[in-house]
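As C-alpha cells, the structure follows; a few thoughts come after it.
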Amino acid sequence: MSFVMPKYIVTIGLEVHAQLTTRSKMFCGCAVAYGEEPNTLTCPTCLGLPGALPVLNEAAIEKTILTGLMLGCSIPPVVKWDRKNYFYPDMPKNYQITQFDLPLCLEGGVPLYDLAYPKDAQKSIANPGKIVQLTRIHLEEDVAKSTHHDKFTTIDFNRAGTPLMEIVSEPDLASAEEAFAYLTSLRQILVYGGVSDADMEKGQMRCDVNISVRPEGQEQLGAKIELKNLNSMSAVRRAIKFESERQIDCLERGEKLIQSTRRWDDDRGETTLMRTKEDAHDYRYFPDPDLLPLRTPDIVARVRPLVPELPHEKRSRFESEYGCSAYDAGVLASDKQLAAWYEAAVGADPAVPAKKVANWVINDLLGALKDTEGGLAACAVQPAQLSALAAAVEAGKISNSQAKEVFAEMMASGAEPAAIIKSKGFEQVSDSGALEAIVDQILAANPDKVAEVKGGNDKAMNWFTGQAMKASQGKANPKMVTEIVRRKVLG
Ligand code: ZN
Ligand code: MN
C-alpha cells in the first residue's frame, strides 16, 4: 500500500523598507547620519512635540519617484500622506506619517537575474527571467531606534523621521531562493539609481515576509502569516524555509492555519507567535491635515531623465557590445562601480579584446580585491594600467604567467606595468639582430638537428625554439625565434 503525499504551494510576498540617501529627514531639516551621539539630530518635529509642523522633503519624493520609474511603476498624478495611528515609545506623536490610498508608485516589477540567487541554487532556477510584480511603493518616516537592555530600554531619535521607502510586492514569490534573488536584484537597482545603499546587514534595508501555504489544486490563498524582524539576507532565506515547512506540517496534521504575525528568532532558527488577527491594530488612517496633497507630473518630468541604464540593460549590452559571456556580463553589471571600471579599461585601448579585459577583471582583479580593504574604490590598479598589462600579453611582450606576476606587483605597489616588466627583466627580446645571433650559435653547434629540420621534422624545429628560449633566459620572443630558424634553415 502506498500513500500519495499531497503537494503544497508556497506563496510569498515581501514588504521591504529601504532608507533613502537624503541629507535631511522626511518632514524636518534635521540631518540624516549614523553613528552620531544619540538624540543629537533632533528637533520638535521629529521628536513629535505638540504643535510642530511637518514639511515634505522634495529630494525624498524625487528618489522614490526615480525608484518607481526604474521599476516600471505608474506614478499617480496626485498623491497624499496619511496618519497611521498607534502608540509605541519610538513614535511619541502617536501616529506615523505614511501613505495609505494614494501612494507615489503603483504596480511595476523587479526582474530577477540568475546570479542574484543564492550560489547553491543558481543551477536549479525554477523560473529563469522571472519578473516579480509589485503592488506599490510609498514614502513614509522611520521611527526612533530602541535598544533593549536587561531592565530598561533606551531610545535614539536620530533615526526618527528618516525617509523610508516601502516597496510592497504582490504575493508573487514561490520560494526562499526567489525571495533571496528578489532582495539582491532590488538592492542592485536601488544602488544603481543612487536612491538607497540598501545594505540589509547595516539596517538600511529591512524586510517583512508574508507567507502562506495551500494544497495544490486549491484556488484560494492559504492564511496569510507575517514574519517580522528579518534583518539579514540569510535570515530571510532561513525564516521562509522554516516557516513554510512549519505551515505544511500543520496542514499535514489537519490543523487550521490562522492569519497571524510571527517573530523570527535568528539564534534559535525558528518563528514564534506574536499576535493573531483578533488583536491586530486598527490604525484609523486619515489624511494628514498638516500636509496638502501633491501633484506629481512636474516632478516626474524632472526625474525621468535621471533613470540610469539598469542592471539587466547593462548585462545585455556587455554581451552584445563586448562579446562577454552571460556569466561575465552578470558579474560585471552586478556592481555599478565595477561596470564603470571595466568600461574604462576597455576604452583605454581598443586594440585589446574586451573579452580578455573581462577575464582580467573577473578572475584577477576581483580575486585580489577579496583580500583588499576598501574594495574597488581603494584599488591601487587603475583601469588604463590593467589595459596596458593585457596589451603587453596580446602583443607577445610577456607571457601569461609573467603577466600574473606583474599584476600581483601592480596590486601591491600601484606601479606602471611597463616599469614592473622592465624591473623583473620580463621584457621579451624582440630585437631581431640579437635573436639572430642566438639562433646562429645554436644552429652551428647542432648540425644533426639542422638536418632533421630540413627533413621536415617539426619537433626539431620546436627543439630549436626551446634552446633559443633557454639561451635568452626565457626572454626571447618565441614566435620570432621560430620564424628566424625557419628562414635560416629552410630558406
Ligand atoms: Zn527634526
Ligand atoms: Mn511601513
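Counting starts at 1 for both ligands and their atoms, in listed order.
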With a 4.5 Å heavy-atom cut-off, do Ile137 and Leu71 have their side chains touching? yes

Heavy-atom distance under 4.5 Å between the side chains of Val195 and Ile189, does that happen here? no

With a cut-off of 6.0 Å (strictly less than), are more than 12 heavy atoms of other residues, nucleotides or ligands near OH of Tyr34? yes

Side chain to side chain contact (heavy atoms under 4.5 Å, CB included), that's the test. Do Met233 and Phe180 meet it? Break it down for me. CA-CA 7 Å; Met233 295 290 291; Phe180 188 99; 3.8 Å; yes

Start with the C-alpha gap between Lys241 and Glu177, add the side-chain angles, then the distance that decides, and say whether salt bridge (Lys or Arg N to Asp or Glu O under 4.0 Å) holds. CA-CA 9 Å; Lys241 210 156 239 147; Glu177 287 66 37; 2.7 Å; yes

Could you check whether Tyr342 and Tyr322 have their ring centres less than 6.0 Å apart? yes

Please name the residue in the list Lys80, Lys93, Arg83 that meets the salt bridge (charged side-chain N to carboxylate O under 4.0 Å, His left out) test with Asp288. Arg83

The Mn ion (ligand 2) - number of protein N/O/S atoms closer than 2.8 Å: 3

May I ask you to determine how many protein N/O/S atoms are under 2.8 Å from the Zn ion (ligand 1)? 4

Go through it in stages, so that I can follow the logic: the residues are Gln247 and Tyr8, the test is side chain to side chain donor-acceptor pair (under 3.5 Å), and I'd like the CA-CA distance, side-chain angles, deciding distance and then a yes or no. CA-CA 10 Å; Gln247 291 184 24; Tyr8 294 92; over 6 Å; no

Under the 6.0 Å and 45° cation-pi test, does Lys25 pair with Phe27? no

